[in-house]
Amino acid sequence: MIDYNYETEFKLLSEEKYSLWLQELIASENKIEGNISFIFCDDSYLLKINKQYLDHDTYTDIITFDYCEGDTISSDIFISIERIEENAKIFNVSFNKELTRVMAHGVLHLIGYNDKTDEESVEMRKKEEEKIKMFHVEH
């Protein structure tokens, strides 16, 4: 089950559309949907999480807590809407494209993709683009 929580004014326009896309993304990697919660928040909320749980004193766009078991994908995924807005401007893309990229990025990490090395980063970007394209498929 995929659910959405809001610690900010932001709300997804169609939770159902995002859920269908995420279910398709997970299935396309031969994984099983478990319990996934997206928590949309602001920078200060995510900074507190980053300090408390990861001992990092930096702003970030996403923090993913991995509760996966075997092929079942489960997680709490925190996303800063302020970082999404800022990154969209920096990368000259729409807010929605950056939001779907970050959401896909979090799920891809849970599936097993990493981005620590240059080679891994290239593969992660390819997978993100592949999964973003799936979002536009009519269901």
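This structure is a prediction, so every number in the text was calculated from the model and none was measured. Starting from 1, each residue takes its place in the sequence as its number.
No donor-acceptor distance shorter than 3.5 angstrom exists from the side chain of Glu33 to the backbone of Gln23, with no hydrogens or angles considered. No side-chain donor-acceptor contact under 3.5 Å links His105 to the backbone of His109. A donor-acceptor pair under 3.5 Å is formed between the side chain of Ser121 and the backbone N or O of Thr117. With hydrogens and angles ignored, the 3.5 Å screen pairs no side-chain donor or acceptor of Glu130 with any backbone N or O of Lys126.
Taking the six-membered ring for Trp, Tyr18 and Phe38 have ring centres at least 6.0 Å apart.
Linking Ile, Leu, Val, Met, Phe, Trp and Tyr whenever their side-chain heavy atoms come within less than 4.5 Å leaves Tyr59 and Ile79 in two separate clusters. Hydrophobic cluster membership is shared by Tyr6 and Ile84, with clusters built from Ile, Leu, Val, Met, Phe, Trp and Tyr side chains linked at under 4.5 angstrom. By the criterion of side-chain heavy atoms lying less than 4.5 angstrom apart, applied directly or through intervening Ile, Leu, Val, Met, Phe, Trp or Tyr residues, Leu47 is not grouped with Phe10; the two fall into different hydrophobic clusters. The cluster map of Ile, Leu, Val, Met, Phe, Trp and Tyr, joined by side-chain heavy atoms under 4.5 Å apart, puts Met124 and Leu22 in the same cluster.
In this view, Asp115 satisfies the salt bridge (Lys or Arg N to Asp or Glu O under 4.0 Å) rule with no residue, not counting sequence neighbours.
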Q.
Determine whether Lys131 and Glu24 satisfy the following criterion, salt bridge (Lys or Arg N to Asp or Glu O under 4.0 Å), listing intermediate values before the conclusion.
A. CA-CA 9 Å; Lys131 303 312 180 188; Glu24 187 177 340; over 6 Å; no
**Q.** side-chain contact (heavy atoms from CB on, under 4.5 Å) between Ile111 and Ile73, intermediate numbers included
**A.** CA-CA 7 Å; Ile111 288 168; Ile73 305 301; 4.1 Å; yes
Q: Please assess Asn35 against Ile2 for the test side-chain contact (heavy atoms from CB on, under 4.5 Å), listing each intermediate value before the final yes or no.
A: CA-CA 6 Å; Asn35 293 319; Ile2 300 171; over 6 Å; no
Q) Are Asp43 and Ser80 close enough, and set up right, to give a side-chain hydrogen bond (donor to acceptor under 3.5 Å, both in side chains), and what steps lead you there? A) CA-CA 6 Å; Asp43 278 345; Ser80 169; 2.6 Å; yes
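When hydrophobic residues (I, L, V, M, F, W, Y) are linked wherever their side-chain heavy atoms come within less than 4.5 Å, the members clustered with Tyr67 are Ile39, Tyr45, Leu46, Ile49, Tyr53, Leu54, Ile63, Phe65, Phe78.
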For residues 87-103, please give each side-chain donor-acceptor pair under 3.5 Å, one per line with the distance, not counting sequence neighbours.
from   : atom 1 : to     : atom 2 : distance (Å)
Asn87  : ND2    : Arg83  : O      : 3.4
Ser94  : OG     : Lys97  : N      : 3.0
Lys97  : NZ     : Glu129 : OE1    : 3.4
Glu98  : OE1    : Arg101 : NE     : 3.1
Glu98  : OE2    : Arg101 : NE     : 3.4
Glu98  : OE2    : Arg101 : NH2    : 2.7
Thr100 : OG1    : Asn96  : O      : 3.1
Thr100 : OG1    : Lys97  : O      : 2.9

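Residues Ile36 and Ile26 meet the side-chain proximity criterion, which asks for heavy atoms closer than 4.5 Å. Residues Cys41 and Ile81 have side chains not in contact (no heavy-atom distance under 4.5 Å, counting atoms from C-beta outward). Counting heavy atoms from C-beta outward, Met134 and Ser28 have side chains that approach closer than 4.5 Å. You'll find the side chain of Ser75 stays beyond 4.5 Å of the side chain of Asp66, heavy atoms only. No side-chain heavy atom of Asn30 sits under 4.5 Å from any side-chain heavy atom of Asp71.
To the nearest 0.5 angstrom, Ile77 atom CD1 is 5.0 Å from Thr64 atom OG1. Taking OG of Ser74 as the start and CE of Met1 as the end, the distance is 11.0 Å to the nearest 0.5 Å. Note that the CG atom of Leu12 and the NZ atom of Lys17 stand 11.5 Å from one another [nearest 0.5 Å]. For the atom pair NZ (Lys127) and CG (Leu108), the distance works out to 7.5 Å, reported to the nearest 0.5 Å.
The environment of NZ in Lys116 is sparse: at most 12 heavy-atom neighbours from other residues, nucleotides or ligands sit within 6.0 Å.
Neither side chain, Ser37 nor Tyr4, offers a donor N or O lying under 3.5 Å from an acceptor on the other.
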